[in-house]
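This chain uses plain numbering: 1 for the first residue, then up along the sequence.
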Amino acid sequence: MTTAARKLPGGFGYLGAAVLGFVVTAGFVLANLMSNGHRAFNTTNDGIFWGLPIVVYDFFLLSSTGLALVACLGLVAGIKDFMPLVKRCLWLALAALAGGGATLFLELGAPFKAMYAIPLSFQTASPLFWKVLFVVVFAISLLLLLAKSLTATAEQLAEGAVPKVLAFTALGVTLIAGAVFGMMGMRPFWFGGELPVVFLVESFLGAMSFGIFFTYLVYGFSADRLPAGVRKLFDGKMSGLFAIVIALHAAFVLARVSTGLWSNLDGLQVWKVISGSALFQVEIWLCILLPLVLMLKESTRRQAGMQILASALTLVGLFIGRYEFIIGGQMVAPFKGSWTHGLLSYTPSMVEWAMLVMAVCLANAIYAFAESRYSMDD
């Protein structure tokens, strides 16, 4: 259950590159933050308070909860076909949580103070209060399951209350994360009761994309090398479910875009700017519609190359969409007054881009270490 039977792609170069990338980028970020503080970020006091680091944090957090939920399809829902993917999804969930958490800690001015100040504020009317509590319990239950996985099979992990707590808190974090944005009436771009469901769909979509891509990565992107159970899952339930979730994601995106372009409500004019950008075109045509077509067609749905391509493109599209959502929602200053005219603009600084690379490297380092040290396929 524990030893390194797995041969990583490129040997230990994958792990070494991830660790080196993390050390270099983390050092660069820390040096700049210690000398410049939050001036290292290109956020402003006019209204764009959350920049690229929050985009990275949100993207990885939702990916983490989604991966936990995919694992719980086997552990809690009892869908046996997903059992071969349980351990890999749990380790990927930890890797994503670490990458996003590290980025948030560096973005916050006083991260450790926030960890106790928010829960002890007892502001129970705020979704942020509940989000912090749910994230803490989610992280603890995830670590408990991973500790047990070192000596237990996937079937044994399903025993007890911990998997149920993990599923409940993962679902709670995802829905509450959507409510944090959806309850902001002063931000019309964000405001809406549908956002918790949108976040849940995006969380599942990101999780399936990560699960497919990194499983193929470990086996050298060769379908012939996949274990029988994983191959059966990818050619059966996983590819069909992947197509359904991509379709739901496409429906939500197109619905929000069309509503935003039609409405004359102040704050939704941002959709005209977003829909006219090159990134938006890449997101819609290459990262949503192309994967949808690939997964809907019977002739391509079961091809390993098409599954890998669809999962990679979907991850890129989800990140673009998360950036558009968080930054776009702040382009109209709240309670707009004489201090600002027109839409606000934002371009990430070098430090913020480095934080993205740092998060990616940290997540890959954790996952590569786990793959090289522990068995994922029992």
Side-chain angles (χ1 to χ4, degrees), residues 18 21-66 93-115 117-118 127-128 131-132 135-136 138-139 173-174 176-178 180-181 184 187 189-190 199 202-203 206 210 274 279 315-331 333-334 344-366:
F22 170 71
V23 171
V24 172
T25 52
F28 174 74
V29 170
L30 288 171
N32 276 273
L33 288 179
M34 286 189 291
S35 59
N36 298 316
H38 265 57
R39 289 178 298 171
F41 301 150
N42 278 351
T43 50
T44 69
N45 289 328
D46 288 338
I48 298 185
F49 310 114
W50 293 343
L52 182 62
I54 298 300
V55 176
V56 175
Y57 157 70
D58 229 41
F59 174 78
F60 276 110
L61 177 65
L62 290 182
S63 299
S64 178
T65 57
L94 177 65
L97 184 63
T103 306
L104 179 66
F105 265 51
L106 291 175
E107 198 277 341
L108 292 173
F112 294 105
K113 182 178 180 180
M115 291 180 66
I118 292 177
L128 188 59
K131 182 181 178 182
V132 172
V135 168
V136 169
F138 168 72
V173 170
T174 306
I176 295 170
V180 168
F181 292 96
M184 294 191 187
R187 301 276 195 184
F189 186 89
W190 290 340
F199 273 44
E202 292 177 349
S203 175
F210 272 114
I274 290 176
L279 273 181
L315 287 173
V316 173
L318 285 171
F319 188 82
I320 293 173
R322 183 63 45 201
Y323 182 90
E324 291 169 343
F325 176 78
I326 291 180
I327 304 304
Q330 302 173 87
M331 289 175 67
L344 302 175
S345 62
Y346 165 78
T347 301
S349 67
M350 286 297 296
V351 173
E352 291 171 295
W353 284 117
M355 290 174 73
L356 167 61
V357 179
M358 180 200 74
V360 171
C361 290
L362 176 59
N364 274 275
I366 291 173

Colleague: Let me confirm one number: the NE2-CG distance from His38 to Asn32, rounded to the nearest 0.5 Å.
Modeller: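 Spacing of NE2 (His38) from CG (Asn32) equals 13.0 Å.
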Colleague: Just how far is it from atom CZ of Arg322 to atom CG of Leu61, taken to the nearest 0.5 Å?
Modeller: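 Result: 10.0 Å between the selected atoms.
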Colleague: Rounded to the nearest 0.5 Å, what's the gap from CD on Glu202 to CG on Leu318? Could you check?
Modeller: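 Those atoms lie 6.0 Å apart.
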Colleague: Quick check for you: to the nearest 0.5 Å, what is the distance between Tyr57 atom OH and Leu62 atom CG?
Modeller: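 The distance works out to 8.5 Å.
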Colleague: Are any of the side-chain heavy atoms of Val180 and Lys131 separated by less than 4.5 Å?
Modeller: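 Yes; the side chains approach each other to less than 4.5 Å.
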Colleague: For Leu52 and Pro348, work out which heavy atoms get closest and say how close.
Modeller: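 It is CD2-CB, 3.9 Å.
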Colleague: Distance-only criterion, 3.5 Å: show the donor-acceptor pairs between side-chain atoms of residues 101-110 and protein atoms not counting sequence neighbours.
Modeller:
{"unit_1": "Thr103", "atom_1": "OG1", "unit_2": "Gly99", "atom_2": "O", "d": "2.9"}

Colleague: Kindly compute the distance separating CG (Leu97) from OG (Ser63), expressed to the nearest 0.5 Å.
Modeller: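 The CG atom of Leu97 sits 11.0 Å away from the OG atom of Ser63.
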Colleague: Using the rule ring pair (Phe, Tyr, Trp, His ring centres under 6.0 Å), only one of Phe59, Phe319, Phe199 pairs with Phe325; which is it?
Modeller: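 Testing each of Phe59, Phe319, Phe199 against Phe325, the sole residue satisfying ring pair (Phe, Tyr, Trp, His ring centres under 6.0 Å) is Phe199.
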Colleague: Which pair of non-hydrogen atoms, one from Gly206 and one from Leu315, has the smallest distance, and what is that distance?
Modeller: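 Closest approach of Gly206 to Leu315: O-CD2, 3.8 Å.
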Colleague: Identify the two heavy atoms, one from Thr43 and one from Gly51, that lie closest to each other, and give their separation to 0.1 Å.
Modeller: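 Scanning both residues, the minimum pair turns out to be CG2-N, 3.6 Å.
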Colleague: Which atoms form the tightest heavy-atom contact between Ile48 and Ser345, and what is the distance?
Modeller: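 For Ile48 versus Ser345, the nearest heavy atoms are CD1-O, 3.7 Å.
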Colleague: Consider ring pair (Phe, Tyr, Trp, His ring centres under 6.0 Å). Of Phe181, Tyr323, Phe41, which one does Trp50 pass it with?
Modeller: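 Exactly one option meets the ring pair (Phe, Tyr, Trp, His ring centres under 6.0 Å) with Trp50, and it is Phe181.
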Colleague: Nearest 0.5 angstrom please: Phe189 CZ to Ile326 CD1, how far?
Modeller: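 The CD1 atom of Ile326 is 10.5 Å from CZ of Phe189, to the nearest 0.5 Å.
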Colleague: Side chains of Glu352 and Asn42: closer than 4.5 Å at any heavy-atom pair?
Modeller: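 A side-chain contact under 4.5 Å exists here.
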Colleague: What's the shortest heavy-atom distance between Tyr346 and Pro53, and which atoms?
Modeller: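 So the two residues come closest at OH-CD, 4.5 Å.
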Colleague: Do any N or O atoms from the side chain of Asp58 and from the backbone of Ile54 form a donor-acceptor pair under 3.5 angstrom?
Modeller: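 It does not hold such a pair.
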Colleague: How far apart are the closest heavy atoms of Ile274 and Gly328, and which atoms are they?
Modeller: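 It is CD1-CA, 4.3 Å.
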